[in-house]
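In what follows, chains carry the letters A, B, and so on, assigned in the order in which the sequence lines appear, proteins first and then strands, with residues in each chain numbered from 1. Hydrogens, waters and symmetry mates are skipped; everything else that's a heavy atom, side chains included, is used. As the structure is a computational prediction, the values presented were derived from the model and not from experiment.
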Amino acid sequence: MLPADYEHLTPAQAIAVHEQMRNNVMIETLDKPINIIGGADISFNKYEETVYAGIVLFTYPELKVIGQASAIGRTSFPYIPGLLAFREVPALLDAWNKLETKPDVMVLDGQGIAHEHRMGLATHFGLLTDAPSIGSAKNRLSGRYTEPTNEPFAQSLLYDRDEVIGIALRSKKNCKPIFVSPGHKVSMAQSIDIIKTCIRGYRIPEPTRQAHNFVNQVRISHGDKGNEQLSMF
DNA sequence: GCGACAG
DNA sequence: ATCTTGTCGC
């Protein structure tokens with residue numbers, strides 16, 4: 001199954017693809033030094049099928065920007081909770097292939113294994129690129145957790161039944177927690193440590209925060225007017 | 001059957 | 001996700 005054909009899949013077929021892919025997910029310690037970390041995100045406006053994907057590269061742990069790549073794609077696959085990857089991964093792969101240097105680990109704007117079928121966007125992307133990946137989502141998709149105390153870096157485990165699939169992390173005081181989970185080829189503990197290292201005063205970790213700003217800029221530069229109202233005449 | 005539901 | 005203006009809290 002090629003990502004280029006994702007838009008032709010029915011939701012049932014997409015789920016079947018996920019069930020097949022989950023057998024290859026590896027949640028294990030990445031025993032290679034991390035010198036470069038990447039952040040990825042997608043931008044689009046709900047009235048069009050155009051998707052703007054972008055990846056920003058940083059030195060780690062200094063987090064100085066050292067590169068970036070973007071890609072403009074189109075998708076007809078709708079947003080369906082649990083099947084986000086089928087909408088965003090194709091364009092993200094295009095951006096990934098334009099990167100001159102590949103990062104040691106990637107941070108994606110979505111879930112890793114904190115997913116009903118352990119196949120969140122970050123896990124899916126990691127499998128297709130064979131790159132270590134981590135999911136950092138702004139909202140919970142699945143799993144149960146207790147609210148972390150209101151202190152910086154307070155955290156609580158995210159459970160699916162009795163299995164720990166991620167954590168709710170208070171990245172900043174007085175802000176809603178973010179949901180961190182390993183994507184592929186990194187452990188739970190490493191994922192948490194890396195994301196904490198990437199928190200620099202904002203609720204969102206630098207990789208995805210800056211990738212978000214980048215893709216929005218790409219979208220605007222491309223001429224997207226967003227939610228501009230149509231004139232009556 | 002009724003809610004929940006990444007972006 | 002995107003859009004949008006003000007408003008509440010630290």
Side-chain angles (χ1 to χ4, degrees), chain A residues 6-7 11 14-15 18 22 39-55 72-93 95 106-126 133-145 149-152 154 158-161 165-184 191 195 201-205 207-209 211-230:
Chain A
Y6 278 6
E7 63 180 312
I15 292 174
H18 267 178
R22 71 180 298 176
D41 194 20
I42 291 283
S43 179
F44 61 89
N45 82 55
K46 57 184 179 182
Y47 301 108
E48 298 174 27
E49 297 188 339
T50 305
V51 292
Y52 303 81
I55 295 176
I72 300 177
R74 196 159 268 247
T75 181
S76 56
F77 197 96
Y79 166 67
I80 298 173
L83 301 180
L84 176 65
F86 294 91
R87 238 183 98 68
E88 306 198 344
V89 154
L92 285 175
L93 285 180
M106 281 290 294
V107 180
L108 287 287
D109 186 37
Q111 317 293 342
I113 60 171
H115 178 285
E116 176 180 21
H117 301 304
R118 307 293 177 272
M119 284 295 300
L121 174 66
T123 301
H124 195 131
F125 180 88
S133 63
I134 300 170
S136 175
K138 296 180 293 301
N139 290 287
R140 180 198 71 90
L141 171 61
S142 62
R144 299 187 49 187
Y145 71 101
T149 60
N150 189 23
E151 315 162 67
L158 224 201
Y159 292 94
D160 180 1
R161 294 300 190 83
I165 58 176
I167 66 164
L169 174 68
R170 186 82 64 185
S171 52
K172 182 178 181 179
K173 187 176 181 181
N174 296 320
C175 284
K176 297 194 331 179
I178 58 175
F179 299 81
V180 181
S181 60
H184 183 50
S191 299
I195 293 301
Y202 294 91
R203 176 187 176 228
I204 308 301
T208 46
R209 191 181 74 80
H212 185 272
N213 291 335
F214 175 50
V215 293
N216 264 324
Q217 194 52 50
V218 170
R219 181 169 62 82
I220 302 305
S221 300
H222 189 267
D224 187 86
K225 302 304 179 187
N227 185 37
E228 185 176 279
Q229 298 301 307
L230 295 178

(Q) Just to be sure I understand: a Watson-Crick pair is purine N1 to pyrimidine N3 plus N6-O4 or O6-N4, both under 3.5 Å. Using that and G-U wobbles, which stems of three or more pairs involve DNA chain B? (A) none

Q. For the residue pair A/Phe86 and A/Tyr6, does the interplanar ring angle fall in the parallel (under 30°), tilted (30 to 60°) or perpendicular (over 60°) class?
A. tilted

Q. Does A/Asn45 put a side-chain nitrogen or oxygen below 4.0 Å from OP1 or OP2 of C/dA1?
A. no

Q: Identify which nucleotide among C/dT2, B/dA6, B/dG7 has an atom closest to any side-chain atom of A/Leu121, counting heavy atoms from C-beta outward.
A: B/dA6

Q) For A/Lys138 and B/dG7, is the shortest distance between a side-chain N/O and OP1 or OP2 below 4.0 Å? A) yes

Q) Under 4.0 Å between a side-chain N or O of A/Arg219 and OP1 or OP2 of C/dC3? A) yes

Q. Does A/Ser142 make a side-chain N or O approach to OP1 or OP2 of B/dA4 shorter than 4.0 Å?
A. no

Q | N/O (side chain, A/Tyr79) to phosphate O (OP1/OP2, B/dA6) under 4.0 Å | A | yes

Q.
Quick check on B/dG7: is either OP1 or OP2 less than 4.0 Å from any side-chain nitrogen or oxygen of A/His115?
A. no

**Q.** Phosphate OP1/OP2 of B/dC5 contacted by A/Arg140 side-chain N/O (<4.0 Å)
**A.** yes

Q: Would you indicate what A/Gly120 reaches in the nucleic acid, counting non-hydrogen atoms under 4.0 angstrom: base, sugar-phosphate, or nothing?
A: base

Q: Starting from P on B/dA4, measure out to OH on A/Tyr145 and report it in whole angstrom.
A: 14 Å

